[in-house]
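Written out below as structure tokens is the structure these notes cover.
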Amino acid sequence: DGIMTEGQPQLYGGPSKSLKTSVLVDQCLSLAAGVPFLGRFEVFSAKRVLLLSSESGGSTLKETAVRICETKGIELPELGSQLFWGFRPPMLTDAEHVATLDGFIRKNRIDIIAIDPAYLSLNLSSAESSNQFAVGAVLLNSLTRLQADTGCTPILATHFRMHMQAGTMPSLEHVAGAGFGQWARQWILLNRREAFNDENPGSHKLLMAFGGSAGHAGAVAVDIEEGHIQNGRFWKVAVSQLSEIREQRENEREERK
């Protein structure tokens, strides 16, 4: 509700350590189970989801999914055919791969397909990846066509350019490569509010900007606590308005004075 529109291609983006994949897993689990995304954004009806993630690895994704499910009060096996997983990247430049995806989507009545990350599925040269016409043609002939032919909403996760300063509001201009911003009709973009701390790697203070051509837009602060491997990991999320964060910082300044 207010963050994703059915039938519009969605782009995920963020720099390293911004929890792109984990937040995407939260969204896919929420859509499949019909429960709020990040505990905040309502899902009005459960959807059948196909998540193809080939960067983190199956065991890491499973561990993340189990932790997120526990927070949402669901069991991962309970989702059954509501959520399909894949751990090898589909080649969107290969007509046979796209045709196989089309057949799987139709057979299993998939509503949403999420692919993470984009660079492993595009198979383009560096010159082509910086050409918005080349990238746009691949996305048009694969994901846009899949959406038009099957009604399945595509989500594509991609990386930002390197060296993005913490606290910078993320935008489509930060996406690495060309053509993604022009292709996306809606987006969820992440960045850290505070730099990653090696001494406390389970604590994440993020900025999340979202919007789309349907008219929805906004930005929130997302605080995620994952704990430590030694003491057991979990998934605890708090979503706040940016005005609340600014007010909190101002209060902290006054207290220090």
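The residues of the chain are indexed from 1 along the displayed sequence. Heavy atoms only: backbone and side chains are in, while hydrogens, waters and symmetry mates are out.
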Is the shortest side-chain heavy-atom distance between [X] and [Y] below 4.5 Å?
X    : Y    : result
L29  : L79  : yes
L190 : V222 : no
V135 : W183 : no
F160 : S18  : no
H204 : E194 : no
T21  : Y12  : no

Pairs meeting criterion salt bridge (charged side-chain N to carboxylate O under 4.0 Å, His left out) with involvement of [range], two or more places apart:
range            : result
residues 227-236 : E63-R233, E226-R233
residues 136-164 : none
residues 21-30   : D26-K72

What pairs with Q147 under side-chain contact (heavy atoms from CB on, under 4.5 Å), at least two apart in sequence or on another chain? P154
What pairs with L120 under side-chain contact (heavy atoms from CB on, under 4.5 Å), at least two apart in sequence or on another chain?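 Testing L120 for side-chain contact (heavy atoms from CB on, under 4.5 Å), a comparison that skips the adjacent residues, returns S54, P89, P117.
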Which pairs, with at least one residue in residues 169-180 and sequence neighbours excluded, count as a side-chain hydrogen bond (donor to acceptor under 3.5 Å, both in side chains)?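 Output for this query lists S171-H174.
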Sequence neighbours left out, what pairs pass side-chain hydrogen bond (donor to acceptor under 3.5 Å, both in side chains) with at least one residue falling in residues 92-103?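 Matches after skipping sequence neighbours: D102-R106.
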Main-chain N/O of M169 paired with N191 side-chain donor or acceptor, under 3.5 Å: no
Tell me the ring-ring contact (aromatic ring centres under 6.0 Å, His included) pairs involving [range], sequence neighbours left out?
range            : result
residues 48-78   : none
residues 50-90   : F84-F104
residues 121-159 : Y119-H159

For residues 31-53, which side-chain donor-acceptor pairs fall under 3.5 Å, sequence neighbours excluded?
unit_1 : atom_1 : unit_2 : atom_2 : d
R40    : NH1    : V239   : O      : 3.2
R48    : NE     : N108   : O      : 2.7
R48    : NH1    : S81    : OG     : 3.4
R48    : NH2    : N108   : O      : 3.1
S53    : OG     : D116   : OD2    : 2.9

What closest approach, in Å, do H228 and P201 show between heavy atoms, and which atom pair accounts for it?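 It is CE1-CD, 4.0 Å.
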Report the residues that fulfil ring pair (Phe, Tyr, Trp, His ring centres under 6.0 Å) with F196, sequence neighbours left out, ordered by chain and then residue number. none
With distance as the sole criterion, is a donor-acceptor pair present between the side chains of E225 and S203 under 3.5 Å? yes
